[in-house]
Amino acid sequence: MLSEKSLIRRFAVVALALLSSACTISLATEPVVTGPAPRPLAPCAWWYAIGDSPTAWEIKSAAKHYDVVVLNAWETAHMRRLHELNPEVKVLVYKDFSSARNYPGAVEGKRDARYLPTGVGYFAAEKGHPEWFATSTSGQRIEWGGYPLHWQMAVWDPAYQKAWADAVVGEVLREGWDGVLADNDFSSLKYYSSAVVAGTADTAATDRLLRDGLDGMLELVGNALEKSGKMLVPNVSESQLTPGRWAAHSRYAGAMEENFGLRGDDGTGELITFQGNQFKEQRAQAALGESWLLLVTHTKSDQEERVGYASAALLASPHTCWTRARPDYKSPYWSLYQDARLGEAVEPATRLANGIWNRRYSNGWVAVNPTKTSALLTPPVGLQTLKGEQVPAQLDLPPADAVVLVNAPKW
């Protein structure tokens with residue numbers, strides 16, 4: 001049975017999601033939070049360490065710098081070392097909701113590995129439940145494009161859901177993880193395959209089947225982990241396309257956004273993060289301050305790094321963590337903006353008439369232009385760049401760009 005606190009939190013998240021999706025909500029109004037207000041702190045740092053095995057030095061550094069670390073299931077020794085060095089660090093195990101895998105490492109010869117990147121082993125499904133492999137209308141199993149030997153599973157099958165939940169919750173309790181980072185809580189199969197799943201009429205129906213299945217899977221796994229005192233943080237994708245999806249899928253311990261601050265594919269320069277209802281729902285979650293927002297910006301330029309951090313700073317909370325990264329996740333990343341020491345937000349994030357979002361901190365100020373046109377804005381007085389340079393009285397902020405400023409010293 002869920003605790004009274006959990007029920008209240010869930011009701012608040014759903015209520016805030018409904019409010020934020022209403023057409024009449026003011027974009028400059030912070031969601032109302034009852035009880036003691038959480039401290040709206042500048043983004044903390046986290047490490048999505050699934051691309052390579054960390055070194056001893058990296059683990060020691062991670063214990064000092066990161067609030068959350070995600071490791072592969074076989075990194076149990078590193079998980080225990082992190083807990084030993086810093087008991088406050090949340091260490092989550094990576095598990096994929098949607099696939100079974102038979103590449104070397106996930107399997108050893110003709111048997112599944114002891115520690116899996118998934119909840120259900122390839123050979124366990126092959127031998128005992130071949131119906132758990134999703135098939136196309138042509139009767140073929142669906143292998144993910146770009147990810148060889150990753151096979152789409154029937155996430156809508158209650159038996160698959162239960163097997164996944166039983167295996168993963170059991171492993172988390174047995175090994176001592178703080179919880180699970182559940183990958184591929186996605187909205188559409190199109191990024192992996194153009195296949196139509198058998199029994200569905202078209203790709204839209206396939207996507208509905210997958211979304212509905214993942215909704216049910218999330219609830220089953222989330223309830224089981226929460227009852228055990230453990231965390232579930234799904235990697236939710238394309239939530240801007242479905243109002244309420246972010247709020248619903250972050251209702252346990254939070255959610256991960258792997259493409260935070262991403263520029264649109266249409267070349268206009270607009271930021272996808274601010275489209276649809278997703279950003280409003282993330283603001284509602286941050287205002288409650290009880291669950292984690294784990295945000296990743298894939299950065300190839302200073303501009304992308306700046307936009308990612310500043311956008312995360314608009315979502316200030318005790319549990320908003322951000323990182324820059326490359327898609328292979330082979331190295332820990334640190335950003336100069338994480339050394340800015342903005343402090344605590346002293347006013348809500350506000351959207352100006354020209355579309356720019358900004359927020360004042362005790363030791364600085366951030367502004368983000370998510371639109372496709374440049375816009376003028378006037379920064380607060382008494383600020384400087386992170387390099388100590390003077391700030392003009394008026395800034396012309398380019399499209400899909402941001403600015404992060406800190407308080408100038410008072411001599």
Side-chain angles (χ1 to χ4, degrees), residues 48-56 58-59 69-82 91-136 138-177 179-186 189 191-193 195 197-198 210 213-214 217 220-221 224-225 235 327-331:
Y48 196 38
I50 65 169
D52 203 355
S53 183
T55 65
E58 287 172 340
I59 291 296
V69 176
V70 178
L71 296 173
N72 286 306
W74 48 91
E75 302 288 0
T76 53
H78 284 139
M79 173 266 290
R80 295 186 180 101
R81 180 59 174 158
L82 277 169
V91 191
L92 307 181
V93 60
Y94 174 94
K95 293 288 182 177
D96 186 32
F97 264 160
S98 297
S99 73
R101 306 176 183 182
N102 62 331
Y103 53 70
V107 298
E108 298 171 353
K110 292 295 183 180
R111 63 181 179 85
D112 295 316
R114 178 184 179 189
Y115 294 109
L116 298 172
T118 60
V120 172
Y122 177 87
F123 286 116
E126 172 95 335
K127 296 172 183 176
H129 293 278
E131 73 277 9
W132 288 352
F133 289 94
T135 57
S136 67
S138 63
Q140 301 298 310
R141 291 180 183 175
I142 301 171
E143 186 176 14
W144 287 354
Y147 296 89
L149 306 181
H150 293 56
W151 303 93
Q152 178 63 45
M153 303 302 281
V155 296
W156 58 87
D157 187 320
Y160 171 80
Q161 295 174 356
K162 186 177 187 304
W164 198 103
D166 289 348
V168 171
V169 175
E171 182 177 340
V172 166
L173 294 174
R174 181 176 65 251
E175 301 293 346
W177 298 94
V180 178
L181 189 291
D183 198 10
N184 285 305
D185 182 8
F186 52 61
L189 185 60
Y191 296 104
Y192 292 141
S193 174
V197 169
L210 291 170
L214 287 165
M217 192 166 178
L220 179 67
V221 176
L225 285 168
N235 180 6
D328 60 12
Y329 298 116
K330 288 187 175 180
S331 302

| query | Rounded to the nearest 0.5 Å, what separation is found between the CG atom of Asp96 and the CG atom of Asp183? | reply | 5.0 Å

| For Pro54 and Leu71, which heavy atoms make the closest approach, and how far apart are they? | CG-CD2, 3.9 Å

| Side chains of Val180 and Val221: does their closest heavy-atom pair fall under 4.5 Å? | no

| query | Donor-acceptor pair, Ser99 side chain versus Arg101 backbone, under 3.5 Å? | reply | no

| task | Would you check if the side chain of Asp157 reaches a backbone N or O of Ala159 as a donor-acceptor pair within less than 3.5 Å? | result | yes

| Does Gln161 reach the main-chain N or O of Gly213 with its side chain, forming a donor-acceptor pair under 3.5 Å? | yes

| Side-chain donor or acceptor of Glu75 paired with backbone N/O of Asn72 under 3.5 Å | no

| query | Is the backbone of Trp74 close enough, under 3.5 Å, to the side chain of Arg114 for a donor and an acceptor to pair up by distance? | reply | no

| message | Closer than 4.0 angstrom, basic N to acidic O: yes or no for Glu126 and Lys110? | response | no

| Check: Pro130 and Arg141 side chains under 4.5 Å, non-hydrogen atoms | yes

| task | Using atom types as modelled and distance alone, determine if a side-chain donor or acceptor of His150 lies under 3.5 Å from a backbone N or O of Pro148. | result | yes

| remark: CH2 of Trp151 to OG of Ser193, rounded to nearest 0.5 Å, is 10.5 Å

| request: Determine yes or no for a side-chain-to-main-chain donor-acceptor pair under 3.5 angstrom, with Glu108 supplying the side chain and Ala113 the backbone. | output: no

| message | For Phe123, is there any backbone N or O sitting under 3.5 Å from a side-chain donor or acceptor partner on Asp112? | response | yes

| Donor-acceptor contact present, side-chain Trp164 to main-chain Thr118, <3.5 Å | no

| message | Do Val197 and Gln152 make a side-chain contact, defined as non-hydrogen atoms from C-beta onward lying under 4.5 Å apart? | response | no

| Are the aromatic rings of Tyr192 and Trp144 close, with centres under 6.0 Å apart? | yes

| query | Taking the six-membered ring where the residue is Trp, are the ring centres of Tyr122 and Phe133 under 6.0 Å apart? | reply | yes

| Considering only heavy atoms from C-beta outward, does the side chain of Val155 approach that of Tyr160 to under 4.5 Å? | yes

| Any Phe186 side-chain heavy atom under 4.5 Å of Phe97 side chain | no

| Just how far is it from atom CE of Met153 to atom CG of Asn184, taken to the nearest 0.5 Å? | 13.0 Å

| query | Is atom OH of Tyr103 surrounded by more than 12 heavy atoms (other residues, nucleotides or ligands) closer than 6.0 Å? | reply | yes

| Side chain to side chain, Ser98 and Met217, heavy atoms closer than 4.5 Å | no

